[in-house]
K.L.:
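If you scroll down you'll find the structure; I have some questions about it.
What you are looking at is a predicted structure, and each value in this text was computed from that prediction instead of being measured. Just the heavy atoms: all of them, side chains too, but no hydrogens, waters or symmetry mates, feed the values below.
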Amino acid sequence: MNIMNFSAANCKSCYKCLRSCPVKAIKFKNDQAEIIEDRCIACSHCLLVCPQNARNVVSYLPDVKNAVITGRKVVASIAPSFAGYFDFEPGKFPGVLKNLGFSFVEETAVGAEVVSDFYMDYVKNTSQGIYITTACPSVNYLVEKYYPTLTEYLIPAVSPMIAHGKLIKQFYGEDCYSVFIGPCMAKKTENVSFFNDGAIDAVLNFDEIQQWIQDSGLDPLSTGASAFDRNTAGRGRSFPEFGGIIECMGEDIHKQGLRIITVSGSDECTDLFTSISNGDIGNIFVEASSCKGSCTGGPDMVRNEHSYYKRQGKVKQYLESRKSIRPAGSENPAGSLNLERTFCDKSFRHPMAYEHDIKVILSNMGKHGEEDELNCGVCGYNTCREKAQAIFEGMAEPNMCLHHMRTKAESITNVIFEHTANCTLLLDGDMNIIEMNPACRNAFLVDSEKMKGLPVAALMDDECFREVRRTGESIIGRRVAYPSYNLIFIQSIVYLAKQDMLMVSMVNIADREEERKKYNTLREKTLISTQEVIDKQMRVAHEIASLLGETTAETKTLLTKLKRLVEAEEEGN
């Protein structure tokens, strides 16, 4: 079940999520980030750092509200780190939850104590040499997926959350509705695991409770203080602190001759597990948390914008205030409850690229030699070769390389700028020349390098440029003439407000104007010549007509005489 992922968002290609991911479990396709569940350790740091807040996390809040509305016995298990998240007094928190509809409110520390007892019994009864605590789900996933050979060292115990859930079901009845409330999103993934076994029905994060309080209109400040139900937890409250598990177990670990190692943060955990895998260290008891500063530095704790040390101080103050509160009667033992669980190899197989494949991918990104491999980490991967391997696996895209895309963009831009036939100028807000392309240099017969930084007024009148900057309104397609340069332009001026720059594009139409003049002259001459030909033709036609008239009259006279002569001869006969 995919508990958390990115929602569709207008990704800005910042790759903050990928840089924050300790195992690079994020896939990019068409500029959209996607968490690959098989690779994910559920630390949720990627969702925390996303500037688009593109979080899509399964929420059980509607289910919890429905359980309250339908009158079910709803029992809350509260992680002690709540004291560092909420801005009202910790003593008011049980009362606030009961006003929201919870029937009973207990501390998860109840489960932490029985888990710590399980840890100690396991250490006393085994001799494996290396012990890794298993209260943090993300650490468990890290070992199972990326260090599967170390699973034998994971203490086979459920987390305090599940242990407390089992105790809740035992005390309040199997039909009660148990809700864990804490800062950890990984608990949501743990909740759907096989080993939860129905102990916890729903998991809510602190921000969901905060939203519920706001939506209900409840004022926590006006809520009276209320005690937790069944104050059975003492030392287990220290679990959310850095080194809290060790503190909870006291000196018993030292008595076993084990060296204590406490780490927090995914990078530190990775370094430690690598050292253990390499056989560099042994005979150790490890308390590991994927969040910096343990649960007090959990994702929800960071989102409330308090500094870590402020949160830590509030949690410590709360824990100190609870030390004197001890249960009346016996503590709640696990009794016959089964707190065991197993861990297994969950590593995934992924194709490894051959050296030839890596070189081809690097070459396609403009990296033809080691000198081109900047290993800057902007794309989210530590090295260019690591990025190439990710591309080979289909986890990344070539355009994620900022330097490659910048070089490509600059190359195309330079080609266009250098070879366009239009004159192009870039001016700053003070009308000084920033850039001038070769066409402009040739038109004005100047050295473009020497003109950089000089006022554009040294070339031409700058009034129209100042007008555009003053009004912010572009001038498009205006005809201007510079007779001293024998230039005539169709000029367009655009103001780039963000950059406080003017972009000037000028199409030289001087040659076109000269061609038009020649054409007009030729046309006029042609018209005159045509009229002359017409007039001459008319004169010729008149002359021909006159000649035809004279010859016709003479022919008529001659033929008349001939006719009469013939008639006279006939009469004589």
Side-chain angles (χ1 to χ4, degrees), residues 10-14 30-31 366 399 402-532:
N10 184 20
C11 184
K12 300 298 183 182
S13 301
C14 66
N30 299 326
D31 291 327
N399 60 7
L402 176 63
H403 299 282
H404 168 56
M405 295 305 293
R406 179 177 178 178
T407 301
K408 186 176 179 180
E410 288 178 347
S411 176
I412 295 173
T413 301
N414 289 339
V415 168
I416 295 173
F417 189 78
E418 293 292 324
H419 294 88
T420 181
N422 297 342
C423 296
T424 304
L425 275 173
L426 290 178
L427 310 177
D428 62 22
D430 295 323
M431 303 303 119
N432 297 319
I433 297 173
I434 299 175
E435 199 64 71
M436 172 188 292
N437 75 334
C440 191
R441 175 193 65 201
N442 295 334
F444 287 93
L445 303 176
V446 293
D447 186 331
S448 56
E449 290 300 320
K450 291 182 179 180
M451 293 301 297
K452 288 182 180 179
L454 296 180
V456 71
L459 280 182
M460 63 191 83
D461 180 48
D462 64 354
E463 182 56 34
C464 57
F465 306 130
R466 295 186 179 277
E467 176 189 347
V468 170
R469 188 187 184 282
R470 183 171 57 252
T471 64
E473 297 181 1
S474 300
I475 294 176
I476 305 297
R478 182 165 67 177
R479 185 181 183 278
V480 294
Y482 298 102
S484 58
Y485 296 103
N486 194 28
L487 297 172
I488 302 171
F489 289 123
I490 298 297
Q491 188 181 71
S492 295
I493 309 170
V494 178
Y495 179 54
L496 307 176
K498 287 186 178 181
Q499 294 81 10
D500 191 24
M501 290 171 50
L502 290 171
M503 183 173 68
V504 184
S505 178
M506 299 178 290
V507 181
N508 186 5
I509 60 171
D511 292 341
R512 194 186 309 170
E513 291 284 311
E514 184 64 28
E515 289 296 325
R516 179 179 293 181
K517 287 180 181 179
K518 292 179 179 180
Y519 172 76
N520 289 338
T521 300
L522 178 61
R523 185 179 64 176
E524 290 175 3
K525 289 182 178 180
T526 301
L527 290 173
I528 293 172
S529 299
T530 302
Q531 188 61 48
E532 290 176 349

K.L.:
Find the distance between CG (L487) and CG (N508) and round it off to the nearest 0.5 Å.
P.N.:
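Reported to 0.5 Å precision, the distance equals 5.0 Å.
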K.L.:
Does some side-chain heavy atom of Q491 sit less than 4.5 Å from a side-chain heavy atom of F465?
P.N.:
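Result yes, sub-4.5 Å side-chain heavy-atom pair found.
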K.L.:
About how many Å separate CG of D430 and CZ of R466, when rounded to the nearest 0.5 Å?
P.N.:
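Output value for this atom pair is 7.5 Å.
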K.L.:
Nearest 0.5 Å please: distance from the CG atom of N437 over to the CE atom of M506.
P.N.:
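N437 CG to M506 CE: 8.5 Å, rounded to 0.5 Å.
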K.L.:
About how many Å separate CG of L459 and CG of L445, when rounded to the nearest 0.5 Å?
P.N.:
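L445 atom CG to L459 atom CG measures 10.5 Å (nearest 0.5 Å).
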K.L.:
Considering residues, nucleotides and ligands other than K450, do more than 12 of their heavy atoms fall under 6.0 Å from its NZ?
P.N.:
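No, because the 6.0 Å sphere around NZ of K450 holds 12 heavy atoms or fewer from other groups.
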K.L.:
Nearest 0.5 angstrom please: L402 CG to C14 SG, how far?
P.N.:
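Here the rounded value is 12.0 Å.
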K.L.:
Taking atom CG as the centre, does N486 end up with more than 12 heavy-atom neighbours from other residues, nucleotides or ligands that are less than 6.0 angstrom away?
P.N.:
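Incorrect, the count does not exceed 12.
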K.L.:
Establish, from distance only, whether the side-chain atoms of Y482 and D461 form a donor-acceptor pair under 3.5 Å.
P.N.:
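No, because no side-chain N or O of Y482 sits under 3.5 Å from a partner of the opposite role on D461.
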K.L.:
Which distance, rounded to the nearest 0.5 Å, do you find between the CZ of R479 and the CD1 of I488?
P.N.:
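Separation between the atoms: 5.0 Å.
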K.L.:
Of the non-hydrogen atoms in V456 and D462, which two are nearest, and what is the gap between them?
P.N.:
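In terms of heavy atoms, the two residues are closest at CG1-CB, 3.6 Å.
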K.L.:
Search all heavy atoms of C423 against all heavy atoms of A439 and return the closest pair with its distance.
P.N.:
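Taking C423 first and A439 second, the nearest heavy atoms are SG-O, 3.6 Å.
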K.L.:
I want to check something: taking the side chain as every heavy atom from C-beta on, are L427 and V504 in contact at a cut-off of under 4.5 Å?
P.N.:
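When only atoms from C-beta onward are counted, V504 and L427 do touch, with a gap below 4.5 Å.
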K.L.:
Report the relative orientation of the aromatic rings in F489 and F444; use parallel for angles under 30°, tilted for 30 to 60°, perpendicular for over 60°.
P.N.:
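Judged by the thresholds at 30° and 60°, the geometry between F489 and F444 is tilted.
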K.L.:
Is the shortest heavy-atom distance from the side chain of V494 to the side chain of I476 under 4.5 Å?
P.N.:
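With C-beta onward as the side chain, the pair touches.
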K.L.:
Which pair of heavy atoms, one from M501 and one from Y495, lies closest together, and at what distance?
P.N.:
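Shortest heavy-atom contact: O-CD1, 3.2 Å.
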K.L.:
Against M436, only a single residue in T424, V446, L426 fulfils side-chain contact (heavy atoms from CB on, under 4.5 Å); can you say which?
P.N.:
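Only one option passes, and that is V446.
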K.L.:
List the atom of I433, the atom of M451, and the distance in Å for their closest heavy-atom pair.
P.N.:
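It is CB-O, 3.6 Å.
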K.L.:
Please check this pair: side chain of N442 against backbone of P438, looking for a donor-acceptor N/O pair closer than 3.5 Å.
P.N.:
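Yes: the side chain of N442 pairs with the backbone of P438.
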K.L.:
Can you name the nearest heavy-atom pair linking C464 to I475, along with the distance?
P.N.:
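Heavy-atom minimum between the residues: O-CD1, 4.2 Å.
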K.L.:
Between T471 and E473, is there a donor-acceptor pair closer than 3.5 Å when you use the side chain of the first and the backbone of the second?
P.N.:
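Yes, because the side chain of T471 sits within donor-acceptor range (under 3.5 Å) of the backbone of E473.
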K.L.:
If every non-hydrogen atom of I493 is compared with every non-hydrogen atom of L502, which pair is closest and at what distance?
P.N.:
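Shortest heavy-atom contact: CG2-CD2, 4.2 Å.
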